[in-house]
*Asks:* 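Dropping a structure here in structure tokens format, bear with me for questions.
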Amino acid sequence: MQDRLAKILDGLNERQREAVTTINGPLLVVAGAGSGKTKVLTHRIAYMIESGITPWNILALTFTNKAAAEMQQRISSLLTEEEAYQVYSGTFHSVFGRILRKEANIIGYSSNYSIYDTDDQERVVKKIIKDLGFNTNKGSHKPFMHRISAAKNDLLTADDYKAEADTIVKKETAMVYEAYEKFLKENDAMDFDDLLINFIVMLQKDKSILEKYQNHFRFVLVDEYQDTNKAQYIAIRLLTKAHSNLCVVGDDAQSIYKWRGADIRNILDFQKDNPAAKIIRLEQNYRSTKNILGGANSLIAKNKEQIPKKLFTENPQGDKIDILKFENDNQEAFNIAATIKTKGGYKYTWKDFAVLYRTNAQSRSLESAFRKHSLPYQIIGGMSFYKRKEVKDVAAYLRLLVNQSDSIALMRVINEPPRGLGTISLTKIINYATRNGEPIVTAFRNAENVPGLQKRAVNAATKFVNMIDTFREKYYSGDKGLAIEQYIEATGLIEMYQSLGTEEAEDRLNNINELLSDIVTFLTNNPEYGLHEYLQTISLSSDFEETDMNKDCVKLMTIHAAKGLEFPYVFVAGMAEGLLPLERNGAVEDLEEERRLMYVAMTRAMEKLYLTYPAQRYSFGDIKSLFGSLFLSEIQTDFVRNNNEDFMIRHKPQPPKFPNNFSKRRPRPKPKERPFFDDIPQQEESYSQIPEDDRTPLKVGDRVHHSKFGEGKITGMSGAGNMQKATVNFDNFGKKSLMLQFAKLVRLG
DNA sequence: TAAAAAATCGTTTTT
DNA sequence: CGATTTTTTA
């Protein structure tokens, strides 16, 4: 036993040890980047258990499944697997979801409730705004979803929202919100936000429930506390009110989830909320070189709102940060790949390299560059396995098996494969269901009563529900795994992909099979669980692939996805104005948050950090010129190798401007770039200037070529700007009216 | 009803 | 430019 204690406390610095051994009362651990945060959390839990606290009295909340899994794994290496397993740990969403399934009746749900992901939510909101007669243009549902989610994160119910709505937009949102809540309830479904909110509702419903969970979770730990939102904050407060054994760990400098409702004040005000709180700062960084940490520190120092702290390291000075500019994003990607190729394979393996970017869209040029260099790479957090269409279709079929009220699941798969129920028949059935106030599944069952429904459609609908009913019975009465496999076979989904015969279809088939065998394994290993637990797990797990971080590939990911990770070599691509800090509609939403994001990116690097940017980039099909990011100019120059680039001049505090003062021209940036590596050939792609001829506007009488319609003569022009249209009389296709911005008309000499 | 073509969007970040 | 939705037509 003495050994175990030694194992837990050895190798901790003084501050870490203090944090680990303070187990009663409120505690805030401000853990700077690379300061051993996870170590403190896991050792603290181990220490608590070692001191005699029952593991299942400990609740540990994280934001990602990965963090939870890592924690459990590290605790088991300190103690035993069994003890680690008894600690109640997981993400907010999965822990609360699990409890809600047990207590569902308290809040008027069944324990079979479905979880609606963003995709499902989208379908619900679209249907509602259509029913309400609101504008159903392409992206019109998105602002509604956003406002509803923001309201939920703020714990405003539909009624609260309605009462406060003073503008047309808010009034409309209130209507959608109200209908949305009603729809979810009727479908026995909760969205992600509901998992948090309903947990709070449950705790507040009656005192005995609150006490039950307060006593169950006598010790609560929260990881990444800077990312908690209001609902999470309230839930934590309720749970810990009785015993006050709350330990939160976080770093205000790494708060990057404001857009999802995270409130940095939760961590900034921790002491105000808990006057008895002890605060421990972990300021020694064990990850990065002095140059990298120095650069990151100098950048984050520009933020006003933060807990004062001084991160230091005893690591070597290391190489300076390289800032590199390229002609365009393809060149940038090409050179990043080339550099990795020269560095990797000897001392470093591929997985020692990471390329980070602000938006997912930026991965495209990187991917193609990596393919050209035949470098192994892996995109982290992109399209996850569980988000693939075919996987979600199977999941929807399964949801239908356990939750008959789930009409979104039904509508998702009704024509997957096509069953001869077209838009017209479906509309008739839905209208009938709405008129009678019954679930769509019921309407399907009573298809023969639906007025005006073709016989063929009646049969199709009846056949569909019968199939589900048959296999539901099988599922509940016998071998669950077998029933599921036969059910999916019976849906015709597999047959549909088999008959397609394309490569894509084959991939999809493989995914379905992988999913099915995953389910069977899950059900075999966890006989006490059923499908809902499995479905909950997959809908709350963001990336299936995140488990194989060990694969020896270069990792490509967004900066958000990189939080908590570290790599010897880090490239941050797209360090340009407009991209980082990201501008939306010409403005930066929250500069300090963007700066924190940059800080997170920089502090992922252990030995070497490259910051790169393109001078040109495609956006919406147009070429746009870019300057280096403001943030590049904010990094103290001592830590940077090359610092005379255009961004320094551009972002220098501007002297008073003299209008039309041509003599004060801005100095031009150096025309020649320092080559990244001399022996690497530059990419051959060149962006040839558009021939002069093509810039003169097309006019009536010109002969043109169209990629599909061939040659023709312009007989008329109309509209202006983006709306400009040309009427062309094609030799083989006759007259067509084409929008110039889409139809690539080439003038023929 | 379903497939093919044209129009219309849009770009953060994710549990 | 590319993904997705709407319209057209076979």
Side-chain angles (χ1 to χ4, degrees), chain A residues 61-68 90-97 115-118 122 126 136-142 146 149 153 191-196 224 227-229 231-232 255-262 356-362 364-365 380-382 384 386-387 415 417-426 454 456-457 460 536-543 546 557-563 574 578-586 588-590 593-594 596-597 600-601 617-624 706 708-709 722-723 725 733 736-739 741-744:
Chain A
L61 294 168
T62 63
F63 274 85
T64 64
N65 296 297
K66 201 180 84 190
T91 65
F92 281 90
H93 296 266
S94 71
V95 167
F96 293 178
I115 294 176
Y116 277 8
D117 66 9
T118 320
E122 226 165 88
K126 270 186 190 166
T136 53
N137 278 353
K138 208 170 153 185
S140 60
H141 58 284
K142 286 206 168 131
H146 183 255
S149 179
N153 281 327
D191 64 20
F192 289 151
D193 300 322
D194 288 335
L195 294 174
L196 308 178
E224 308 278 16
D227 289 330
T228 49
N229 65 23
Q232 287 156 334
S255 163
I256 53 174
Y257 284 104
K258 187 181 185 180
W259 53 274
R260 211 172 74 189
L356 313 182
Y357 37 83
R358 177 65 229 265
T359 63
N360 278 314
Q362 290 167 260
R364 199 165 282 157
S365 50
I380 310 292
S384 94
Y386 298 121
K387 282 191 191 116
N415 274 317
R419 281 192 179 76
L421 282 166
T423 344
I424 297 168
S425 309
L426 282 176
Q454 300 280 325
R456 257 200 339 221
Q536 162 157 332
T537 314
I538 69 170
S539 55
L540 293 180
S541 85
S542 64
D543 27 11
E546 78 184 350
M557 68 192 96
T558 64
I559 301 172
H560 283 89
K563 199 168 79 158
L579 278 173
L580 184 61
L582 184 71
E583 278 172 24
R584 242 167 95 75
N585 308 324
V588 175
E589 217 157 83
D590 185 339
E593 171 127 333
E594 296 286 322
R596 290 192 293 266
L597 200 52
V600 169
R617 163 174 195 276
Y618 273 102
S619 98
F620 289 123
D622 295 324
I623 297 176
K624 273 188 91 174
H706 182 270
K708 292 217 172 63
F709 301 128
N722 283 346
M723 294 302 293
K725 287 182 191 172
F733 292 85
K736 302 264 176 200
S737 179
L738 304 161
M739 292 187 74
Q741 62 167 321
F742 300 113
K744 271 160 288 175

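The shown structure was predicted, so the numbers you read here are calculated from the model rather than taken from an experiment.
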*Asks:* In whole Å, I'd like the distance from the CG atom of A/Asp227 to the C1' atom of B/dT13.
*Replies:*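 Result: 11 Å.
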
*Asks:* Is the number of heavy atoms from other residues, nucleotides or ligands within 6.0 Å of CD (A/Glu122) greater than 12?
*Replies:*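 Counting other residues, nucleotides and ligands, CD of A/Glu122 exceeds 12 neighbours.
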
*Asks:* Taking the side chain as every heavy atom from C-beta outward, state whether A/His560 and A/Ile256 have any atom pair closer than 4.5 Å.
*Replies:*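 A side-chain contact under 4.5 Å exists here.
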
*Asks:* Are any of the side-chain heavy atoms of A/Leu61 and A/Thr91 separated by less than 4.5 Å?
*Replies:*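 Heavy-atom side-chain distance check fails, nothing below 4.5 Å.
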
*Asks:* A/Glu224 has an atom CD; how far is it from atom C1' of B/dT14, in whole Å?
*Replies:*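 These atoms are roughly 13 Å apart.
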
*Asks:* Rounded to whole angstroms, how far apart are CZ on A/Arg260 and P on B/dT13?
*Replies:*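 To the nearest whole Å, that distance equals 13 Å.
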
*Asks:* Does A/Ser425 have a side-chain nitrogen or oxygen under 4.0 Å from the phosphate oxygens OP1 or OP2 of B/dT1?
*Replies:*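 Checking B/dT1 against A/Ser425, a side-chain N or O does come within under 4.0 Å of OP1 or OP2.
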
*Asks:* Is A/Thr558 close enough to B/dT14 that one of its side-chain N or O atoms is under 4.0 Å from OP1 or OP2 there?
*Replies:*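 Indeed, a polar side-chain atom of A/Thr558 lies that close.
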
*Asks:* Hey, can you tell me if A/Phe92 and A/Phe96 have their rings parallel, tilted or perpendicular (30° and 60° cut-offs)?
*Replies:*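 If you compare the ring of A/Phe92 with that of A/Phe96, the planes turn out perpendicular.
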
*Asks:* May I ask you to evaluate whether A/Asn415 reaches the phosphate of B/dA2, defined as a side-chain N or O under 4.0 Å from OP1 or OP2?
*Replies:*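 The answer is no; no side-chain N or O of A/Asn415 sits under 4.0 Å from OP1 or OP2.
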
*Asks:* Given atom CE of A/Met557 and atom C1' of B/dT14, what is their separation to the nearest angstrom?
*Replies:*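 Atom-to-atom, A/Met557 to B/dT14, this comes out as 15 Å.
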
*Asks:* So, do A/Trp259 and B/dT13 meet the stacking rule of ring centres under 5.5 Å and planes under 30°?
*Replies:*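 Yes, A/Trp259 stacks on the base of B/dT13, since the ring centres sit under 5.5 Å apart and the planes are within 30°.
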
*Asks:* Against A/Gln232, only a single residue in A/Asp227, A/Asn153, A/Leu196 fulfils side chain to side chain contact (heavy atoms under 4.5 Å, CB included); can you say which?
*Replies:*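 Option passing the side chain to side chain contact (heavy atoms under 4.5 Å, CB included) with A/Gln232: A/Leu196.
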
*Asks:* With nearest nucleotides of DNA chain B determined for A/Asp193 and A/Ala361 from heavy-atom distances, which residue corresponds to the more 5′ nucleotide?
*Replies:*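 Residue closer to the 5' terminus by nearest nucleotide: A/Ala361.
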
*Asks:* Mind listing the closest non-hydrogen atom pair of A/Asn415 and A/Gly420 along with its distance?
*Replies:*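 For A/Asn415 versus A/Gly420, the nearest heavy atoms are OD1-N, 4.2 Å.
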
*Asks:* Using 30° and 60° as the class limits, which term best fits the ring planes of A/Phe192 and A/His93: parallel, tilted or perpendicular?
*Replies:*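 Correct class here is perpendicular.
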
*Asks:* If you compare all heavy atoms of A/Asn229 against all heavy atoms of A/Gly261, which two are closest, and at what distance to 0.1 Å?
*Replies:*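 Nearest pair, atom of A/Asn229 first, then A/Gly261: CB-O, 3.1 Å.
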
*Asks:* From CZ of A/Arg456 over to C1' of B/dT1, roughly how many Å is that when rounded to an integer?
*Replies:*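 So the two atoms are 8 Å apart, to the nearest Å.
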
*Asks:* Measure NE2/A/His146 against P/B/dT15 and give the value in whole Å, please.
*Replies:*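 Nearest whole value for this atom pair: 16 Å.
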
*Asks:* Between the protein and nucleotides 3-5 of chain C, which nitrogen or oxygen pairs are less than 3.5 angstrom apart?
*Replies:*
unit_1, atom_1, unit_2, atom_2, d
C/dT5, OP1, A/Lys126, NZ, 3.3

*Asks:* So that I can compare with my own list, what are the stems of DNA chain B, taken as at least three consecutive Watson-Crick or G-U pairs with distances under 3.5 Å?
*Replies:*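 Stems found: B:1-10 with C:1-10.
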
*Asks:* So which one's nearest nucleotide on DNA chain B is more toward 5', A/Leu421 or A/Leu597?
*Replies:*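 Upstream on the strand: A/Leu421.
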
*Asks:* Does B/dT13 have its OP1 or OP2 closer than 4.0 Å to a side-chain nitrogen or oxygen of A/Asn360?
*Replies:*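 So the side-chain polar atoms of A/Asn360 do come within 4.0 Å of the phosphate oxygens OP1 or OP2 of B/dT13, strictly under.
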
*Asks:* Using a 4.0 Å heavy-atom cut-off across all strands, classify A/Phe63 as base, sugar-phosphate, or nothing.
*Replies:*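 If one applies the 4.0 Å heavy-atom cut-off, A/Phe63 turns out to touch the sugar-phosphate alone, with no base involved.
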
*Asks:* Given atom CG of A/Asn65 and atom P of B/dT14, what is their separation to the nearest angstrom?
*Replies:*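 Going from A/Asn65 (CG) to B/dT14 (P), I get 14 Å.
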
*Asks:* Assign A/Lys563 to base, sugar-phosphate, or nothing according to its heavy-atom contacts below 4.0 angstrom with the strands shown.
*Replies:*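 Since no nucleic acid heavy atom lies under 4.0 Å of A/Lys563, the category is nothing.
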
*Asks:* Report yes if the side chains of A/Thr359 and A/Leu582 come closer than 4.5 Å at any heavy-atom pair, otherwise no.
*Replies:*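 A/Thr359 vs A/Leu582: side chains touch.
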
*Asks:* Rounded to whole Å, how long is the line connecting atom NZ of A/Lys387 with atom C1' of B/dT13?
*Replies:*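 Atom-to-atom, A/Lys387 to B/dT13, this comes out as 12 Å.
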
*Asks:* At their closest point, which heavy atom of A/Lys624 faces which heavy atom of A/Ser619, and how far apart are they?
*Replies:*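 Nearest pair, atom of A/Lys624 first, then A/Ser619: CD-OG, 3.4 Å.
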
